[in-house]
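Data first, discussion second: the structure below is written as structure tokens.
When a ligand or atom number is given, it counts from 1 through the structure's own listing order. Counting begins at 1 with the first residue of the sequence.
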Amino acid sequence: MLLSVVIPVFNEEENLPLLHQALHQGLAACRWPWEVVLVDDGSTDGSAAVLTRLASEDPAHVRVVFLRRNFGQTAALAAGIDHAQGDVVVLMDADLQNDPADIPALVAKLEEGYDVVSGWRKDRQDPFFTRVLPSKMANALISRVTGVHLHDYGCTLKAYRREVLEGFRLYGEMHRFIPAYAHSVGARIAEVPVRHHPRRFGRSKYGLTRTLKVVLDLFTVKFLLSYFHKPIYLFGGVGLTLMLPSALALVVLVIRRIFWKVALFTSPLFQMSLMFIILGFQSMLMGLIAELLVRTYHEAQGKPTYTVRQVLNIPGERGNTGRPQGAVKPGNEGLA
Ligand code: UDP
Ligand code: MG
């Protein structure tokens, strides 16, 4: 078994040598052989040179991927995951706010039979009003909406079985939603408190606006998790909710007009009903288009609509491999 630690790097030159040291110290306690995949996300400081030096000094452990420009933390993580060889992949930050000494505990938890082990910065060392508070609110919201109850979605330090990370792509700020996605394909998820240190070198690349992006991403994620396979339930549901009461109102208006000779236009109700019926109908039609897209997706790419944990006695298929396979070859739904 091999452990891959994937780390995105954007302008962290002072942190890198310390990070490399900390990895060696922290992972000494780990029984597994390990590699670290450092992804240079278009750094403009001396990070690239430091990475090149580390790679030549420690070829047994250090792998480096240089991206052509700055693509953002999520894309950098995705690049790292694609280039990692490990059976278990641990993601973490390069700025030493996460502590590699926590990795053995995460891996130990994974070995208990979990597919995702999420780090929880119980004692977070960041500014309260701009970072900790918005993050707490975002976590509460994400937990509620996705139904996956974690304290700290935003903590990059998490360990994943390789299979959980296969089968979908990461967009936007979405690396924080991997646990929610993994849960939707049946992965078992655990949480472990981890250390958190204040940033000593370099600057944080984020501020308050990220929380807004996360909230917007949450809409997408909720839609994909709950309605990807049956979008008509959402669009049709909205459509019917608009159409039924409006149609009822129209009937009442018309009956009043015919039997009591009450004019149709005494209130805006007539126009409103018509408008909502049209809107509702539009929404239903959009739902049908979405259904077509989903079918194209599944049928053109041969993606199943289910995920299998294990099969027994079926020739030609891998049976019980002796480890839990929460998300074996999931369809590319979820965050795709
Ligand atoms: N990062 C990156 N690309 C970016 C921004 C950040 O690869 O465009 C990396 C950064 O080098 C660090 C991690 O993502 O390793 C987290 O960034 P940061 O520490 O600024 O975020 P915070 O801890 O403040 O949320
Ligand atoms: Mg940081």
- Item | Which segment of D126 sits under 4.0 Å of ligand 1 when only heavy atoms are counted |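 The answer is neither.
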- Does E12 approach ligand 1 within less than 4.0 angstrom via side chain, backbone, both or neither, non-hydrogen atoms only?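 It is the side chain that gets close, since no backbone atom is under 4.0 Å.
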To the nearest 0.1 Å, how far is [atom] from its closest protein heavy atom, and which atom is that?
| atom | value |
| --- | --- |
| atom 22 (P) of ligand 1 | R131 NH2, 3.5 Å |
| atom 9 (C) of ligand 1 | P8 O, 3.8 Å |
| atom 17 (O) of ligand 1 | Y206 CE1, 3.8 Å |
| atom 3 (N) of ligand 1 | D41 OD2, 2.6 Å |
| atom 1 (N) of ligand 1 | F10 CB, 3.7 Å |

- Message: List the residues meeting side-chain contact (heavy atoms from CB on, under 4.5 Å) with A79, not counting sequence neighbours, and say none if there are none.
- Response: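 Applying side-chain contact (heavy atoms from CB on, under 4.5 Å) to A79 gives V39, L67.
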So that I can tick it off, tell me whether [Y] and [X] are bridged by a salt bridge, with the cut-off set at under 4.0 angstrom between side-chain N and carboxylate O.
| X | Y | value |
| --- | --- | --- |
| R31 | E111 | yes |
| E12 | R199 | yes |
| E291 | K230 | yes |

Should you measure from each heavy atom of [X], which atoms of ligand 1 turn up under 4.0 Å away?
| X | result |
| --- | --- |
| K205 | 5 (C), 6 (C), 20 (O) |
| D93 | 13 (C), 15 (O), 16 (C), 23 (O) |
| S204 | 20 (O), 22 (P), 24 (O) |
| N70 | 3 (N), 4 (C), 8 (O) |
| V9 | 7 (O), 11 (O) |

Find out whether [X] and [Y] are in side-chain contact, i.e. whether some heavy atom of one side chain is under 4.5 Å from a heavy atom of the other.
| X | Y | answer |
| --- | --- | --- |
| I81 | R162 | yes |
| V5 | M92 | yes |
| Q97 | D126 | yes |
| V88 | L110 | yes |

- Message: Applying the side chain to side chain contact (heavy atoms under 4.5 Å, CB included) criterion to V9, which one of L16, L19, V64, V65 satisfies it?
- Response: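 That would be L16.
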- Task: If the plane angle is over 60° it's perpendicular, under 30° parallel, otherwise tilted; pick one for F265 and F270.
- Result: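 Judged by the thresholds at 30° and 60°, the geometry between F265 and F270 is perpendicular.
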- Message: Can you tell me how the ring of W120 sits relative to the ring of H151, calling it parallel under 30°, perpendicular over 60° and tilted otherwise?
- Response: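 It falls in the parallel class, under 30°.
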- Message: Is there a path of hydrophobic side-chain contacts, each under 4.5 Å between heavy atoms, that joins I7 and V107?
- Response: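 Yes, because I7 and V107 connect within a single hydrophobic cluster, where side-chain heavy atoms sit under 4.5 Å apart.
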- Is D95 close to ligand 1, meaning an N/O of one under 3.5 Å from an N/O of the other?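 There is such a contact, yes.
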- Best match, Q97, R199, R210, R121: closest heavy atom to atom 18 (P) of ligand 1: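 It is R199 whose heavy atom sits nearest to atom 18 (P) of ligand 1.
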- Please list, in chain and residue-number order, the protein N/O/S atoms closer than 2.8 Å to the Mg ion (ligand 2).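 Counting only protein N, O or S atoms under 2.8 Å from the Mg ion (ligand 2), the list reads D95 OD2, Q97 OE1.
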- Query: Can K222 be said to sit on top of F219's aromatic six-ring, NZ or CZ under 6.0 Å from centre and within 45° of the ring axis?
  - Reply: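 Negative - K222 is either too far from the ring of F219 or too far off its axis.
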